Each structure stands twice: as C-alpha cells, then as structure tokens.
Amino acid sequence: MIQVTLKGGEIRQFEEGATALDVAKSLGAGLYKAACACKIDGEACDLRTPLQDGCELAILTFDDAEGKHAFWHTASHIMAQAVKRLYPDVKLTIGPAIDNGFYYDFDAAEPFTPEALAKIEAEMKKIVKEALPLERFELAPSDAVKLMEEKNEPYKVELIAEHAGKGEQISFYRQGEFTELCAGPHIPDTGRVKAFKLTNCTGAYWRGDAKNKMLQRIYGTAFPKQSALEEHLARLEEAKKRDHRKLGKELELFAIMDEGPGFPFFLPKGMILKNLLIDYWREIHRKAGYQEISTPMMLSRTLWERSGHWAHYKENMYTTVIDEEDFAIKPMNCPGGILVYKTKLHSYRDLPLRVGELGLVHRHELSGALHGLMRVRCFTQDDAHIFMTPEQIKEEIKGVVALIDQVYGTFGFPYKIELSTMPEDHMGALEDWEHATNALRDAITELGYDYEVNEGDGAFYGPKLDFHLQDCLGRTWQCGTIQLDFQLPERFELEYTGADGQKHRPIMIHRVVFGSIERFIGILIEHFAGAFPLWLAPEQVRILPISERHHEKAREVYQKLFDAGLRVELDERSEKIGYKIREAQLQKIPYMLVIGDKEAESGTVSVRRRSEGDIGTMAVDDFLARALLEIAEKK
C-alpha cells in the first residue's frame, strides 16, 4: 500500500501502482468524469501517472488553469489528427493550448477554407466519439528522429534535433493511429472533449519569424459542456465588436501603417486620450511624492553591458553604431534612471527617492506577434524607480500597491496579483533573491491581498508582483508590476550615506501602473467598447442645431462650453437632425445638445445622453455644472 496526501491535507492509502485517475474514481463519479489532469508534488502530470508512496496529489478539473490547459491541448491533438486523416500530405508543426482555447500550425499547400474547417470539425466529432485513449511513451532522440522521418514530419525532426544534444528522452502521445511529439499532460481520452468549435484560420510564420515559411494556423476552443461553449462563443462575438483595431479606425484614434509595422500612429482624437491618461498619471504621482525625469532614448553599449541587458536582452534591442561605438535604443528606462541617481551624492535623509518617467522604449517583437496596440515595437512605459534603504522596502511596496489599486479602481477594473519568482536566466546570489522574494510576499500578505505564485517568471534582475486586471468580458491583462531589485544597485555601485556616516547600497524598485500607455489604451477601447466615460472621451459634447436659424444660439452655447474647458464640437451641416444624432451616437459622443426654436427662445438645450437617449431640457449653466461634476468625479 502507498500513502497519498490529498488537497486539504487528508492522507489516504491506495494499492501500489495506483494512478491519479484511480484516486479520482475513489473520490466520486463526478470528480472522475470532470478530472482533466493532476499535480503530483506540485508538478502537472497525466491522470494515468503512477503515484509514489508519500506523494502529494491534487486532481485538476476544467475549473483549474492547468486542467483547462490539458483539455485544450488534447483538443489541439484531436484537430491535428482530423487534419491528417483528411489531408495526409499536410505537415505538422506545433499546437499549444492558449488563453481561451488552442491552435495548430500546419504546412499546407492550400489555405483552409471555411468549408475545410467544417469538414475538420466533422472528423473531430468522429474522433471524440471513438473515445481514443491518449498514451504517453518516450524514445531516445535518435529513435524519435527516425519515427518522425518515417512519418515525413520535417518540422518535428527539427524540434527533436534541438533537444538531441541534451541526452533527454523525447516524449510522445499516441491516440489511435495518430502519434504526436509532446510533453503533455493530456486528458485520459478524446471522448471527454464534448463541445468544441474551430473559430478561424490565419497565416502564421514558422517560429513567428517572417524569414520562415508561412503556415496555416487554425484556432479553436473546447469545453466539457455545450452550454459553456455557447456562452464562450457569445463572448467572442462581443469581443469582435469591441476589437480595438476596428474601433480605433472607426473612432479615428490611431493607425498602424505598412511603413511602420508595430509602430503606432496616434491621430488627433487618440492623442487627446493619450494625453488625458498622461495628465492623470502626473496628477496622482505628484500627490504620491514622485519626481519626473526624462532620459535619452539611445545610450551606449557599455551602459547596457553594465546593466546586464546586453547579455540577457540583446535579441530584443535595436542597435546602431555612432562614431565607431555600439549604441542601443532603450528597451527599458531603468539604466537611465540609475544614471540620474548617480548625478549627485545622497544621504539616508533623501530616501526613499521616487523618480518617475514616461519613457518611449523600443523592443524588437517578431512580426507574427504584433497585434494592434496590444503588442507593438515601441511604447510609452509609465515607469518609476524607487531608491530606498532596506528598512523602507515593505512600506514602499505597500505604497505602490495602493497607487495601482487607486488607478484600477478609477477605471473600474478588478484585478488579481501574481508573485513571479527567480527565472533560470538570472543575475545575483540566491540569498539576495530569497530576501527580495520574501519582502514582496510579506508586504502583500500584510495588506491582506490574495496572490498566486508564478514560479520562474521573474525579471532577470529580481522577483516581481504582477497585476492582472479583468475587463468587462472577463479577460485578464497583465499591466501593473512591482519588481524588487538588489542587482542593478550593486552593478552600478549606487550609494547613500547612512545615519552612521558610512556608505551603504540602496535597494531599488522598478514599477509601472499602466504598463504601456499604448496597450492600456487598447484595453480601455475594448473594455468600454469605445464609449469612454465623459472625462476620457476625446469629444465630450456635440451641439446639434436643428436648422440654420438656430446656428447663432448654438455658437453661443459652443463658446460657453469651450471656454469652460469642455471638448465640444458644433455640427452645422445642413443634414436632418435624426441623421446628426445617429452619427454622433455611432461616434460614441457622451452628450448631444439639440437646439431648436423652443431652446433658442428659452436659452436651454435638449440633452441627449449616449447611454439613455433624451434626458430632458436644461438650462445651459445647469448642463455645464452637471458635466463638470461628472468629469471631476471621473465617473
């Protein structure tokens, strides 16, 4: 018999050779049917993995992130099997689980049409009905290569070759006649994928590099129940309507042009929105005791070598040569902020020193990864660096968390916090990493926040807290971050004079709130579906005179609102009033003020609100007071 510790600490005995699936069955038929994967001693595994005596076991269902991952990854294998049955000459590449579903990239001679996707879905239903078990096996690299060569899968051979030198066994999964190179884990059989939908097909370069061959990428999603799939598809339809690229064009906010892939152009209305966010950022940071700086966009290689970016981040940096010396356009603001700290001597009385910068940074992203404002090659990072004594760490972290909470609350975003720990590619001693990680953990715990641990996903110079905000469709976006850094102050030999008169090394916090202002704008566009709250709307009020004889009064109202600071436009076109209202509604203008004979005589305006329609007649001063209060309260 073996002892297994279940979730919650309960210890149970099972026969030797028992698997996680056996345990799930013993715990109840409902769990057995819902189980997707498991965690054995913290590692995600297949449910048919034999258990060892003394292990800790957690059964994962579709409600768990890793359970979803196994479910969707299996669905991608089912799709690949269906494609190979229908189109035997197609070559397989990769097919991972992603947020809200999966995709698979195929090297196909012809694009997959909507009719082809329907055929693939029909074949997938047959594979699900067959309830094929997924069986894991391992081969030596040479045997793995031989197997994939026999199956004429050159992309798989290439992937295996990258691991061959490590001497590791190569893992595969077999389901019926289909064999796939894969690390897993997977659900027990294809019959559990009850509801699925192939959503679209696009082109994608092999490995995301435009120099490589263009592949056919089929996206899909899957759920254990049809009702859950239908709810998800409804959300996808809503997301299409809210796509920031579509709305950005319709509302004349920004453009991405062929002359600058990944480099967004902000149009006048988009620039108003961007500046409003920057003004808000400056207002809250001034109140929180930050000083603003600006550092150069391009700095010498020696700086980036000293910071560690040249060794750890160079493939993402744009470089050039000036006067026979290597330079790089900054991918991050921190080294420049450090040089500002070094411009003068500091005492412990100067600390904490909070220094903010709205710095334009450039990072090389593969062309296949670019996506509107969400993934770009240059963006404005709302950076700040805090230099402090070791005793100040916890309070400064708490202060940054409070600031992030204030900002996300203003926009109505709930959020979750993730603690990311030391990655494999890191700088510095383990004891420094432990100290830094514990400081973040302690601060967030004392504030009473729940958090998840993301092992190995910290920055190369320190652990971090990531803030994942949730939009109105339930999607999450990683925006804010707090990174604790013991490494760069050491590398740059930063100092302050302590109360003891001796030189000491400060600790450094890197933090952002918006993350990228461009990306945050993309999130806001989709969250509000372009219907921004009054304080953020590029155009807040549109005045609509019914006919030419009302123009003079409309101009008086326009001037009054303009002088009060409202962003107001006057539509004097000789169009019918219904047409003007519909157009203003499509442009998502928060307020429309209609002026006809009655309003012109009484000095009032007929007020239409974007979300409510006609809300009645008001004196101009009353409307102005209402609007200014709404703006001040950032409703």
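Please read all numbers here as calculations on a predicted model, not as lab measurements.
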Using 30° and 60° as the class limits, which term best fits the ring planes of His73 and His69: parallel, tilted or perpendicular?
-> perpendicular

Mutual orientation of the aromatic rings belonging to Phe254 and Phe266 [parallel < 30°, tilted 30-60°, perpendicular > 60°] = tilted

Which atom names give the shortest non-hydrogen contact between Leu303 and Phe492, and what distance separates them?
-> CD1-CE2, 3.5 Å

Does the side-chain contact (heavy atoms from CB on, under 4.5 Å) test come out yes or no for His285 and Arg354, once each step is laid out?
-> CA-CA 9 Å; His285 282 76; Arg354 306 182 190 106; over 6 Å; no

More than 12 foreign heavy atoms under 6.0 Å from CG of Asp450: is that the case here?
-> no

Of Thr319, Asp326, Leu299, the residue whose pairing with Trp304 passes side chain to side chain contact (heavy atoms under 4.5 Å, CB included) = Leu299

Is the backbone N or O of Ile482 less than 3.5 Å from a side-chain atom of Lys464, with the two atoms forming a donor-acceptor pair by type?
-> no

With a cut-off of 6.0 Å (strictly less than), are more than 12 heavy atoms of other residues, nucleotides or ligands near NZ of Lys269?
-> yes

Flag if over 12 foreign heavy atoms under 6.0 Å of NZ, Lys7 = no

Hey, is the main chain of Thr61 close enough, under 3.5 Å, to the side chain of Asp64 for a donor-acceptor pair?
-> yes

For atom CG of Leu345, decide whether the heavy atoms of other residues, nucleotides or ligands shown that lie under 6.0 angstrom number more than 12.
-> no

Pair Thr421-Glu455, side-chain donor/acceptor within less than 3.5 Å | yes

Is any side-chain heavy atom of Tyr280 closer than 4.5 Å to a side-chain heavy atom of Val407?
-> yes

So, the side chain of Thr320 versus the backbone of Phe327: is there a donor-acceptor pair under 3.5 Å, distance only?
-> no

State the CG-OG1 distance between Leu358 and Thr380, to the nearest 0.5 angstrom.
-> 7.5 Å

Ring pair (Phe, Tyr, Trp, His ring centres under 6.0 Å), paired with Phe387, selected from Tyr348, Tyr341, Tyr290, Tyr496 | Tyr341

Distance-only, no hydrogens or angles: does the Ser171 side chain make a donor-acceptor pair with backbone N or O of Cys182 under 3.5 Å?
-> yes

Do the side chains of Met422 and Leu430 get nearer than 4.5 Å, heavy atoms only?
-> yes

Indicate the ring-plane relationship of His364 and Tyr318, choosing parallel, tilted or perpendicular according to the 30° and 60° boundaries.
-> perpendicular

Taking all non-hydrogen atoms of both residues, which atom of His309 and which atom of Pro335 are closest, and how far apart?
-> CE1-CG, 3.9 Å

Heavy-atom neighbours of Asp99 CG exceed 12 at 6.0 Å | no

What is the minimum heavy-atom distance between Glu305 and Arg491, and which atoms define it?
-> O-NH1, 3.3 Å

For atom CD of Glu315, is the number of surrounding heavy atoms from other residues, nucleotides or ligands below 6.0 Å larger than 12?
-> yes

Going by an N to O cut-off under 4.0 Å, is there a salt bridge joining Glu357 and Lys330?
-> yes

Paired with Thr497, the side-chain hydrogen bond (donor to acceptor under 3.5 Å, both in side chains) test is passed by just one of Arg349, Lys503, His346, namely Lys503

Take Arg505 and Glu495 through the test side-chain contact (heavy atoms from CB on, under 4.5 Å) and record every step on the way to the result.
-> CA-CA 5 Å; Arg505 192 78 74 213; Glu495 293 180 339; 3.8 Å; yes

Has Gln52 got more than 12 heavy atoms of other residues, nucleotides or ligands less than 6.0 Å from its CD?
-> no

Taken to the nearest 0.5 Å, the spacing of Gln381 CD from Glu518 CD works out to 10.0 Å

When you measure from the side chain of Asp466 to the backbone N and O of Thr481, does any donor-acceptor pair fall under 3.5 Å?
-> no

Can you find a pair of side-chain heavy atoms, one from Leu370 and one from Ile256, that are under 4.5 Å apart?
-> no

Look up atom CG in Asp350 and atom OG1 in Thr389, then write down how far apart they are to the nearest 0.5 Å.
-> 12.0 Å

Nearest heavy-atom approach of Ala439 to Ile393 is CB-CG2, 3.7 Å

So do Glu325 and Ser300 actually touch side chain to side chain, heavy atoms under 4.5 Å?
-> yes

Output yes when a side-chain donor or acceptor of Asn438 lies under 3.5 Å from a complementary backbone atom of Glu434, and no otherwise.
-> yes

Do any N or O atoms from the side chain of Asp243 and from the backbone of Arg245 form a donor-acceptor pair under 3.5 angstrom?
-> yes

So, are Asp209 and Lys211 salt-bridged, with charged N and O less than 4.0 Å apart?
-> no

Where the side chain of Gln540 meets the backbone of Ala537, is there a donor-acceptor pair that is under 3.5 Å apart?
-> no

Taking the six-membered ring for Trp, are His371 and His244 ring centroids under 6.0 Å apart?
-> yes

Short question: side chain of Arg242, backbone of His527 - any donor-acceptor pair under 3.5 Å?
-> yes

For Pro538 and Phe532, work out which heavy atoms get closest and say how close.
-> CD-CD1, 3.9 Å

Taking C-beta and beyond as the side chain, do Ile329 and Met317 meet within less than 4.5 Å on heavy atoms?
-> no

Close side-chain approach of Thr295 to Leu339, heavy-atom, < 4.5 Å = no

Report the distance from atom CD1 of Ile525 to atom CG of Leu247, rounding to the nearest 0.5 Å.
-> 7.0 Å

Do Val453 and Glu418 come close enough that some side-chain heavy atom pair is under 4.5 Å?
-> no

So CG of Leu273 and CD1 of Ile521: to nearest 0.5 Å the spacing works out to 4.5 Å

Taking all non-hydrogen atoms of both residues into account, name the closest pair between Arg511 and Asp382 and its distance.
-> NH2-O, 3.4 Å

Between Tyr103 and Trp72, does the ring centre distance come in under 6.0 Å?
-> no

Sole candidate of Phe379, Phe411, Trp477 that passes ring pair (Phe, Tyr, Trp, His ring centres under 6.0 Å) when paired with Phe520 | Phe411

Pairwise side-chain contact, Phe467 with Asp405, heavy-atom cut-off 4.5 Å (strictly under) = no

Is it true that Glu56 and Lys39 make a salt bridge, defined as a side-chain N closer than 4.0 Å to a carboxylate O?
-> no

Can you check whether Leu351's main-chain N or O pairs, donor with acceptor, with Gln392's side chain at less than 3.5 Å?
-> yes

Whether Phe413 and Tyr408 hold their rings parallel, tilted or perpendicular, with breakpoints at 30° and 60° | perpendicular

Could you go through the side-chain contact (heavy atoms from CB on, under 4.5 Å) check for Met297 and Leu360 one step at a time?
-> CA-CA 7 Å; Met297 197 179 297; Leu360 186 65; 3.6 Å; yes

Checking side-chain contact (heavy atoms from CB on, under 4.5 Å) for the pair Ile523/Leu469: CA distance, chi angles, key distance, verdict?
-> CA-CA 10 Å; Ile523 294 167; Leu469 60 80; 4.0 Å; yes

Within 6.0 Å of CD in Glu43, more than 12 heavy atoms from elsewhere | no

Would His510 and Asp485 count as having a side-chain donor-acceptor pair, cut-off 3.5 Å?
-> yes

